[in-house]
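In what follows, every heavy atom counts, from backbone to side chain, and hydrogens, waters and symmetry copies are set aside.
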Amino acid sequence: SHGTGQIDPDIIRRFLEQPSKDGIKIDPEKLTRQLQEVMWKDGGILRNQQGLDKTLDTVKDIQHQAAESSLDASPDEVQRVLELRFAAATAELVLEAAQKRDESRGVHFSEDFPDQDDENWKGALQVQLDSQGEHIWKFQAI
């Protein structure tokens with residue numbers, strides 16, 4: 001996003017891109033429920049690397065299905081697909097950020113790194129998209 005707090009139109013465009021005519025048919029409600037369940041189970045307050053890895057794989061699969069799904073449907077259905085696309089992208093960022101923090105912080109507890117580590121992790125992880133849509137992560141200490 002830009003410094004003005006507005007969302008970059010290119011990011012919106014990525015989520016609105018219409019796949020090929022033979023886009024797959026998905027059940028956005030079912031996939032949204034699956035996304036919520038896996039995020040609660042392994043992406044929630046109690047985390048470990050194995051669970052994060054497994055959940056990220058599932059989230060990427062959901063994201064792929066949502067990206068390849070047809071938008072040739074009713075307005076309500078299109079809205080649900082777009083909401084799923086945004087939710088899966090957000091979930092991916094949450095999980096990637098959790099993987100990068102080798103500590104427990106706030107209410108989030110890492111079984112792999114049980115202590116809060118202010119010396120190395122007091123600050124914010126920031127993410128941007130490059131021109132290919134890849135995530136560029138950086139840490140800003142405070």
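- The CZ atom of R33 sits 9.0 Å away from the CG atom of L31 when rounded to the nearest 0.5 Å.
- Note: T90 OG1 to M39 CE = 9.0 Å, rounded to the nearest 0.5 Å.
- Each of L52, V59, D57 was scored for a side-chain contact (heavy atoms from CB on, under 4.5 Å) with T55, with one residue passing: V59.
- Between the CD atom of E96 and the NE2 atom of H135 there is a distance of 5.5 Å, given to the nearest 0.5 Å.
- Evaluation of the salt bridge (Lys or Arg N to Asp or Glu O under 4.0 Å) rule for K54 yields D42 as partners, not counting sequence neighbours.
- Inter-residue side-chain proximity for Q99 and D53 is flagged as met; some heavy-atom pair is nearer than 4.5 Å.
- Considering all non-hydrogen atoms of both residues, S69 and R85 come closest at O-NH2, 3.3 Å.
- Nearest heavy atoms, A88 versus L35: N-CD2, 3.7 Å.
- Taking 4.5 Å as the limit, every side-chain heavy atom of T32 sits out of range of all side-chain heavy atoms of E83.
- Following chains of ILVMFWY side-chain contacts shorter than 4.5 Å, one can reach I24 starting from L82, so the two form part of one hydrophobic cluster.
- Shown here for R101 and F139, the closest heavy-atom pair between the two residues is NH2-CE1, 4.0 Å.
- Summarising the local packing, CD of Q50 is surrounded by 12 or fewer heavy atoms from other residues, nucleotides or ligands at distances under 6.0 Å.
- How far CG of L56 is from CD of Q49: 10.0 Å, rounded to the nearest 0.5 Å.
- Smallest separation of non-hydrogen atoms from R47 and A98: NH1-CB, 3.4 Å.
- Side-chain contact check for Q128 and D130: no donor-acceptor pair (N or O, by modelled atom type) lies under 3.5 Å.
- When the shell of 6.0 Å around CH2 of W137 is examined, it contains more than 12 heavy atoms from other residues, nucleotides or ligands.
- The minimum heavy-atom distance linking A66 with I26 is given by the pair CA-CD1, 4.1 Å.
- Atom CD of Q65 sits about 7.5 Å away from atom CD of Q34, to the nearest 0.5 Å.
- Residues satisfying the salt bridge (Lys or Arg N to Asp or Glu O under 4.0 Å) criterion with R80, sequence neighbours excluded, are E29, E77.
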